[in-house]
Number of protein chains: 2
Amino acid sequence: MKKHEEQFLEYLSRKKLKNTSQRMIILKAFLRQKSHLSTEDFYLQLRKKHPGIGYATVHRTLKLFSECGIASERNFGDGQMRFEVSLDNEHHDHLVCTDCGRIIEFEDPQIEKLQLEIAQKHDFVIKDHRLELYGLCGDCQATA
Amino acid sequence: MKKHEEQFLEYLSRKKLKNTSQRMIILKAFLRQKSHLSTEDFYLQLRKKHPGIGYATVHRTLKLFSECGIASERNFGDGQMRFEVSLDNEHHDHLVCTDCGRIIEFEDPQIEKLQLEIAQKHDFVIKDHRLELYGLCGDCQATA
DNA sequence: CGATAAATTGAAATCCGTTTTCAAAATCGT
DNA sequence: ACGATTTTGAAAACGGATTTCAATTTATCG
């Protein structure tokens with residue numbers, strides 16, 4: 001996991017950006033968090049420990065993470081942008097419970113392969129994809 | 001294609017809503033359009049022929065379409081909501097060219113099947129899904 | 001170590017698409 | 001045609017993302 005930090009620092013110097021205490025704090029907090037937090041939620045979380053850091057800075061820094069490749073932006077269609085730590089180059093997809101909001105990650109090489117075939121058939125070169133399955137998780141099926 | 005119109009009219013009476021000329025105009029224009037237009041674009045398009053109809057009405061009517069099942073909302077993560085005519089119960093997915101914005105629809109029963117298996121494995125019941133492949137279409141690969 | 005240029009910060013303002021408000025107009029049932 | 005109810009369009013409000021700007025911090029270099 002050191003890799004992410006290095007990658008970020010390298011990106012900063014490559015772009016002649018400055019290494020600030022805020023950026024480091026946000027980076028550490030970001031790497032520590034597991035779930036797919038919206039900018040807002042992440043900010044609120046962070047503010048508990050670091051009340052001085054403003055929303056704008058959090059927002060800008062998350063964008064930086066995304067630019068340098070250590071974060072991916074997600075959009076589950078609820079109007080909130082979400083960020084997650086990108087683990088190496090493995091793409092993964094999401095299973096979202098529409099009731100409790102739980103998000104489970106998965107990946108399926110077979111589906112990926114089929115996607116490539118579809119792209120070929122339409123003469124597309126795929127750069128990225130998103131696959132989200134919406135439904136009810138076990139718990140929520142029970143209470144429904 | 002008469003079905004959509006009937007379905008909408010039925011929905012209106014079921015909900016004790018009124019059948020207005022605006023709604024009929026919007027319905028016809030909506031069914032005629034092929035692509036995945038954003039509310040904004042659809043409104044601009046419509047305004048050429050019907051300058052009297054306001055954005056709010058278009059927006060509300062598209063929502064109605066969505067509620068009664070003749071339209072589906074799409075969100076390709078560009079911050080604009082898009083609506084498309086829902087053809088019967090067949091779900092389809094999208095291939096989006098990130099350069100020119102072209103959108104191609106496809107469906108793949110194999111992928112659907114794999115999705116169900118994944119859901120089962122995680123004890124989910126799937127209600128819906130979205131799969132979008134982003135890349136460059138043939139034309140844009142050439143000019144890139 | 002300073003001095004200086006350049007980048008960053010936080011608060012507030014702005015942006016931009018969506019959604020709501022409200023008074024006037026249209027619709028439907030009788 | 002009447003009256004209750006819904007709908008309409010313009011404009012305002014909303015919500016989240018993004019930008020602005022003056023003050024502060026950082027990196028670099030003598």
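Throughout, a chain's letter reflects where its sequence line sits, starting with A, and its residues are numbered from 1.
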Between A/Phe65 and A/Phe30, is the gap from one ring center to the other below 6.0 Å?
yes
Query raised in the report: What is the ring orientation for A/His36 with A/His94, classed by angle as parallel under 30°, tilted 30 to 60°, or perpendicular over 60°?
Result: perpendicular
Rounded to whole Å, CG of B/Leu9 lies from C1' of C/dT27 at a distance of 14 Å
Separation of D/dT19 atom P from A/Leu64 atom CG, nearest Å, is 13 Å
What one should report as the nearest heavy-atom pair of B/Glu84 and B/His92 is OE2-NE2, 2.9 Å
Here the distance between atom P of C/dG10 and atom CZ of A/Arg47, to the nearest Å, is 13 Å
note: A/Lys63, atom NZ; C/dT9, atom P; distance rounded to Å ~ 16 Å
A/Met81 CE to D/dA17 P, in whole Å, measures 6 Å
- Message: Given the structure, check if the side chain of B/Lys18 and the base of D/dT5 hold any donor-acceptor pair shorter than 3.5 Å.
- Response: yes
To the nearest angstrom, the CG-C1' distance between B/Asp78 and D/dG16 comes to 15 Å
On a heavy-atom basis, the closest approach of A/Asp93 and A/Glu112 is OD2-OE2, 3.8 Å
List the steps and the verdict of side chain to side chain contact (heavy atoms under 4.5 Å, CB included) for A/Gln115 and A/Ile111. CA-CA 6 Å; A/Gln115 289 175 0; A/Ile111 289 183; 3.5 Å; yes
Picking from D/dG16, C/dG10, D/dA17, the nucleotide nearest the side-chain atoms of A/Thr57 would be C/dG10
Original post:
Is the shortest side-chain N/O distance from B/Ser21 to OP1 or OP2 of C/dA26 below 4.0 Å?
Top reply: no
Whole-Å distance, A/Leu17 CG to C/dT9 C1', equals 14 Å
The nucleotide from C/dT9, C/dT20, C/dT19 with an atom nearest the side chain of B/Ala56 is C/dT20
Contacts of B/Gln22 and B/Gly79 projected onto DNA chain C by closest heavy atom; the upstream (5') one is B/Gly79
Closest to the side chain of A/Tyr55, out of D/dT7, D/dG16, D/dA17, is D/dA17
Notebook entry, point to check: Does A/His59 put a side-chain nitrogen or oxygen below 4.0 Å from OP1 or OP2 of D/dT18?
Noted result: yes
A/Arg60 has its side chain closest, among C/dA7, C/dT9, D/dA17, to C/dT9
Does OP1 or OP2 of D/dT8 have a side-chain N or O of B/Thr20 closer than 4.0 Å? yes
Checklist entry - With a non-hydrogen cut-off below 4.0 angstrom, is A/Arg23 in contact with a base, only sugar-phosphate, or nothing? => result sugar-phosphate
Quiz item: Base, sugar-phosphate, or nothing for B/Glu40, non-hydrogen atoms under 4.0 angstrom?
Solution: nothing
Whole-Å distance, B/Leu37 CG to C/dT18 P, equals 13 Å
